[in-house]
Amino acid sequence: MSSLDPTLSELFLAFWRLDNPNVVWVLLGSVLLGASASVIGSFTFLRRRALMGDALAHAALPGVMSAFLLFQTRDPFVMLLGAVTSSFLGYYLIEYLTQHTKIRQDSALAIVLSFFFALGIFQLSLIQQMEIEGKSGLDKILFGQSAAMMPEDIQVLAISAVFILVLVYLSFYKFRLITLDRQYAQTLGVNVKAYDLVLALAIVLSVVIGLQMVGVVLMAAVLLIPVSAARYWSHDLRKILFLCAIFGALAGILSTNISYMAPKMPTGPWMVTVLAGIFLVSLVFAPARGLLPRYLMHRAQAQRVNDENVIRSLYVLGERKNDPKALFEPSSILTVRNMSKEALFKSFKRLIKANDVENRGGTYRLTPNGYEKGAKLTRHHRLWEMYLTEKVNIAPDHVHRDAEKVEHIMTDEMGERLAEELGNPLTDPHGKNIPGGQH
Amino acid sequence: MHSPVIEVHDLNIHYHSKPVLVDVDFQIPEGKTVGIIGPNGAGKSTLMKGMLDLIPTTTGYTQFFGDTLAKKRQAIAYVPQRGEVDWDFPINVYDAVMMGRFGHLPLFKRPTSEDHAIVQKAIKQVNLEKFVDRQISQLSGGQQQRVFLARALAQQASVYLMDEPFVGVDVATEKAIIELFKELKAQGKTIIVVHHDLNTVSDYFDWLLMLNVRLVAEGPTESVFTRDNLQKTYGGRLALLTEVTEKVSRANIEEDE
């Protein structure tokens, strides 16, 4: 056996055998990180402070570098303290700028983000030139590298992540209340400033613990993309948070997997790529809100409208001839109904399948089934015309177009209410018979 | 007036050194349905927010049932302007109304069956039973207003402060709100409403505060809602007073001690 590099599939299998304890630790860490960051990120998203996470991540960089310079250690707890300190500093600077100067929030975020980040990069390049023990790998903090993490790093991460998740679980109702309607929360006596601080702490913490795995530059995406995707699947905040955790965890697992298979690849970009993929899938396929389901619903409705129009046209043509069983050429229908030949024949196909229309050697007529539908549609159409002329005082020659639309959405119940309000009329404003009237 | 429900004393509110409310002083008796009326920029919403400590005041205080707001919050329900809420938030009608029960609950308390019963009753009172599961962004303006009202009702308060509840609502909602006023009045509750439509003032309110930066008039509607007072409130004749007040405020004139 020649010394070939292991193939991708071999690497994949080796990873999932989980016999390397480091791998198990890192996997656990990535799940917890993904879950906690995305859950906290939801709240920043809903509070319209989406980019705060980005600013705080960048603001953490000089803290990490300073801690390393001061204490000359890679102890994860020391690094964490440094990161949290400078991140919080950034947070307060942003708040100060926003509230006490004319600078708006987005500008304040940009200023703090760039300045702190620049400071951190400056420190990093300084460190790279110095002779200090343990300085290698410090630059991994820019884009993250889960394969470089040690169990001690993961332990700090895990405890913090669990703390964040528990915090959100306990404060869910208060956070939701404050985010939806802050003033109202104040009138209820909720200490909104205190909760603001708690949330800020949680955001800073969740950003900081993610730096080793995802990196400063891309951490914001882990906070924001999950909730953007989750909003396509649910309107219930609880379900959204749950989905966020799932998406975050999934992205964590996959990006860690890839990082191990290709250790030169930083984890951060892969995590963001996976999340972006999840977002894309949600955007296109999520039931009821996704692009594809909405397109299909729209098309189904357009088809239904076409079919109902054909039924009504056949009904009206039969009414004119005073013969409900009369057969008609497609061209006759096209003279009374503005639609393309292709659309008409597609409609015919569906209507025949639904047993509303039958084809007699190239000429068409309504089946008894279809006739009933035609009668009801016509009834609703003419009742609406009556309503518009009698009650809304619209001229009789103006009501047809509106009725053409309304007939497709009127339910039986609305039709009955309409008939009752009009006193069960038998003819419409044009003198035509209103079918189905009861005396 | 014996034991007024609300007493506002010497209230002054400035915004960037511009006076929004000046020397406002009044009392509101219990059980009245009060209208706060005045032109745009008169400080009506500001007054309500100042009373509720939602914005900083320059001087003055507000008392509810003879005590501070902090001690009497349980008895007070606020219905903010519809435009000040994020209606895109993922929450349905039921949960939004349930928020009225959540103010003073400790951190990990979940709603009890009594809370659920109160919420259901409030929703019924505003005729929103058919919409309980609907997301609030999918409601019409009038329905959204009714969600807020139900939320306030769920608090089971004694005093209701509402900021422009009739703006942009449909006829059905308007009727529902009026019915609600009557029900609450029959229960002896006090309602205070920032209102913008002069045509309906006499029908809706039995007590008025007429405001234009300063309090022009206060008292029972029949005695206070006069042509003279309306002229003073809406007439804009006191432009000189406003101008001078602004100038004084900006110059930060203080007496030499």
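Order of the sequence lines fixes the chain letters, A, B, ..., with proteins taken first and strands second; residue numbering starts at 1 for each chain. Computation of the quantities below employed the complete heavy-atom set of this structure, encompassing side-chain atoms and omitting hydrogens, waters and symmetry-equivalent molecules.
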- [ ] Locate the shortest heavy-atom distance separating A:Gln186 from B:Asp53; write the atom from each residue and the value.
- [x] NE2-O, 4.4 Å
Open item on the list: Between A:Arg182 and chain B, with a heavy-atom cut-off of 4.5 Å, which part of the residue counts as in contact: side chain, backbone, both or neither?
Closed with: neither
- [ ] Calculate, to the nearest 0.5 Å, the distance between atoms CG and CG belonging to A:Leu177 and B:Asp95 respectively.
- [x] 12.0 Å
- [ ] Kindly indicate whether the side chain of A:Thr187, heavy atoms from C-beta on, has any atom under 4.5 Å from the side chain of B:Leu54.
- [x] yes
Task: Other residues, nucleotides, ligands: >12 heavy atoms within 6.0 Å of A:His100 NE2 - done: yes
Open item on the list: Just checking A:Arg294: does its CZ atom have more than 12 heavy atoms from other residues, nucleotides or ligands closer to it than 6.0 angstrom?
Closed with: no
TODO: Anything in residues 44-54 of chain A with a heavy-atom distance to chain B below 4.5 Å? Please list those residues in order.
DONE: A:Leu46, A:Arg48
Open item on the list: Less than 4.5 Å apart, side chain to side chain, heavy atoms only: is that true for A:Tyr184 and B:Arg151?
Closed with: yes
TODO: Determine which residues belonging to residues 77-89 of chain B lie within contact range of chain A, meaning some heavy atom pair is under 4.5 Å apart, and list them by number or answer 'none'.
DONE: B:Tyr78, B:Pro80, B:Glu84, B:Val85, B:Asp86, B:Asp88, B:Phe89
TODO: Please round to the nearest 0.5 Å and tell me the distance separating atom CG of A:Leu188 and atom CE of B:Met99.
DONE: 10.0 Å
Open item on the list: Do B:Ile136 and A:Leu180 have side chains that approach each other closer than 4.5 Å (heavy atoms only, starting at C-beta)?
Closed with: yes
TODO: Pick one of side chain, backbone, both or neither for A:Ile240, based on which atoms fall under 4.5 Å of a heavy atom in chain B.
DONE: side chain
- [ ] Check whether A:Thr179 gets within reach of chain B through its side chain, its backbone, both or neither, counting any heavy atom under 4.5 Å.
- [x] both
Open item on the list: At a 4.5 Å cut-off on heavy atoms, which part of B:Leu52 comes close to chain A: side chain, backbone, both, or neither?
Closed with: side chain
TODO: Determine yes or no for a side-chain-to-main-chain donor-acceptor pair under 3.5 angstrom, with B:Arg73 supplying the side chain and A:Val190 the backbone.
DONE: no
TODO: State whether the number of non-hydrogen atoms from other residues, nucleotides or ligands found under 6.0 Å of B:Phe65 atom CZ is greater than 12.
DONE: yes
